[in-house]
Amino acid sequence: MNDAIDPVRVPPPASVVLMRFARSAASVPAARAFVRGVLRDACARGACSLDDVLVCVSEVATNAVRHGVPAGGAFLLRIDADEARVRVECHDANRRRPRVRHPADDDQSGRGLMLVEAIASRWGVGERPFGKFVWFELDVRPPG
C-alpha cells in the first residue's frame, strides 16, 4: 500500500509542493522520503540542513497521525522553499492546538514539539475551516 496520495505542484513562481498521506504509521517515513526528494538538491548545496528538516517533518507528521487525523482520513504536507527559508506545513482535521510538553526523563513520548522548537527558526499553528496546520521554518544559509 502506498501511503502517499498524488503530489500537487503549484505553478511558478511559487515553489510550493503538496502531498497528502493516509492516516497510517507508514505515512511518517513516507512523508520524510517525500520531503527528502523535494529538498535534496537545495539542501545538498548547503543552503539548509536536510536532517533538521526531516526531524521536524517526522515530529509534525507523527502528531498528525496520532492526534489529528480521523480514521480513514489523511494529512497534508505543504513545502514552500525559497532563497531565504524552507517552510513546511502539516495540515490535519483536528482543531485542537498542540502544545510543547516537558516530559519526564523516563517518559517515552511527548518530545516532538520540543524538538521542533529547538531545531526550527520559527514554528507555529494556524487555523483552517476544518482543522489546523502546524508549520515550521528553517532559515536558509546564503551560499559561500
Side-chain angles (χ1 to χ4, degrees), residues 1-45 47-141:
M1 179 173 115
N2 184 357
D3 292 299
I5 305 168
D6 300 330
V8 175
R9 291 192 182 269
V10 177
S15 56
V16 175
V17 183
L18 309 170
M19 176 77 83
R20 287 187 313 148
F21 296 88
R23 181 183 184 228
S24 162
S27 289
V28 176
R32 280 194 310 269
F34 168 67
V35 172
R36 182 181 299 112
V38 171
L39 296 178
R40 180 181 296 127
D41 292 342
C43 292
R45 293 189 297 270
C48 62
S49 168
L50 187 55
D51 289 340
D52 287 350
V53 174
L54 295 177
V55 167
C56 292
V57 165
S58 287
E59 298 307 330
V60 298
T62 297
N63 282 351
V65 168
R66 287 187 179 172
H67 308 293
V69 179
F75 66 93
L76 175 97
L77 281 185
R78 179 182 186 275
I79 305 169
D80 183 3
D82 60 30
E83 60 280 346
R85 54 108 179 104
V86 171
R87 179 182 174 105
V88 177
E89 296 176 2
C90 185
H91 296 244
D92 67 45
N94 188 329
R95 298 196 78 159
R96 190 169 54 103
R97 297 174 69 87
R99 61 182 176 80
V100 176
R101 294 178 49 203
H102 300 283
D105 290 343
D106 58 348
D107 286 347
Q108 294 188 16
S109 64
R111 292 174 180 77
L113 288 178
M114 193 168 67
L115 288 170
V116 172
E117 184 174 66
I119 294 169
S121 302
R122 290 162 296 288
W123 78 278
V125 181
E127 294 182 10
R128 307 176 342 140
F130 300 103
K132 66 168 176 318
F133 61 96
V134 178
W135 61 270
F136 65 86
E137 293 181 351
L138 285 97
D139 293 332
V140 171
R141 295 181 299 273

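Nearest heavy atoms, Gly68 versus Pro70: O-CD, 3.8 Å. Contact record, Trp123 with Val116: CB-CG1, 3.9 Å, taken as the closest heavy-atom pair. Summarising the geometry of Pro98 relative to Lys132, their closest heavy-atom pair is CD-CE, 3.6 Å, with the distance given to 0.1 Å. In this structure, Cys56 and Phe136 approach most closely via the heavy-atom pair CB-CZ, 3.4 Å. Of all non-hydrogen atoms in Val69 and Ala74, the two that sit nearest each other are CG1-N, 3.3 Å. The two residues Trp135 and Gly126 have their closest heavy-atom pair at CD1-N, 4.3 Å.
Within a 6.0 Å radius of CZ in Arg122, other residues, nucleotides and ligands contribute more than 12 heavy atoms.
Atom CD of Glu127 sits about 6.0 Å away from atom CZ of Arg97, to the nearest 0.5 Å.
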Should Asp82 and Arg87 be marked as a salt bridge (Lys or Arg N to Asp or Glu O under 4.0 Å) after you check the CA-CA gap, both sets of side-chain angles, and the distance that decides it? CA-CA 9 Å; Asp82 60 30; Arg87 179 182 174 105; over 6 Å; no
Report the C-alpha distance between Val65 and Val28 in whole Å, list the side-chain angles of each, state the deciding distance to 0.1 Å, and finish with yes or no for side-chain contact (heavy atoms from CB on, under 4.5 Å). CA-CA 8 Å; Val65 168; Val28 176; 4.3 Å; yes
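Without hydrogens or angle criteria, Asn94 side chain to His67 main chain gives a donor-acceptor distance under 3.5 Å. Remark: side-chain polar atoms of Ser58 are paired, donor with acceptor, to backbone N or O of Leu54 under 3.5 angstrom. With hydrogens and angles disregarded, no donor-acceptor distance shorter than 3.5 Å links the side chain of Ser27 to the backbone of Phe21.
Counting heavy atoms from C-beta on, the side chains of Phe133 and Leu76 never come closer than 4.5 Å. Within the 4.5 Å cutoff, the side chain of Glu137 has no heavy atoms near those of the Asp80 side chain. Residues Phe34 and Ile79 form a side-chain contact, since some pair of their non-hydrogen atoms from C-beta on lies under 4.5 Å apart. At a threshold of 4.5 Å between non-hydrogen side-chain atoms, the residues His91 and Arg20 do not count as touching. Side-chain atoms of Val86 and Leu39, non-hydrogen and from C-beta on, do get closer than 4.5 Å to each other. Between Val140 and Glu83, every side-chain heavy-atom pair lies at or beyond the 4.5 Å cut-off.
For Arg128 and Asp92, the salt-bridge test fails: no basic side-chain N is under 4.0 Å from an acidic carboxylate O.
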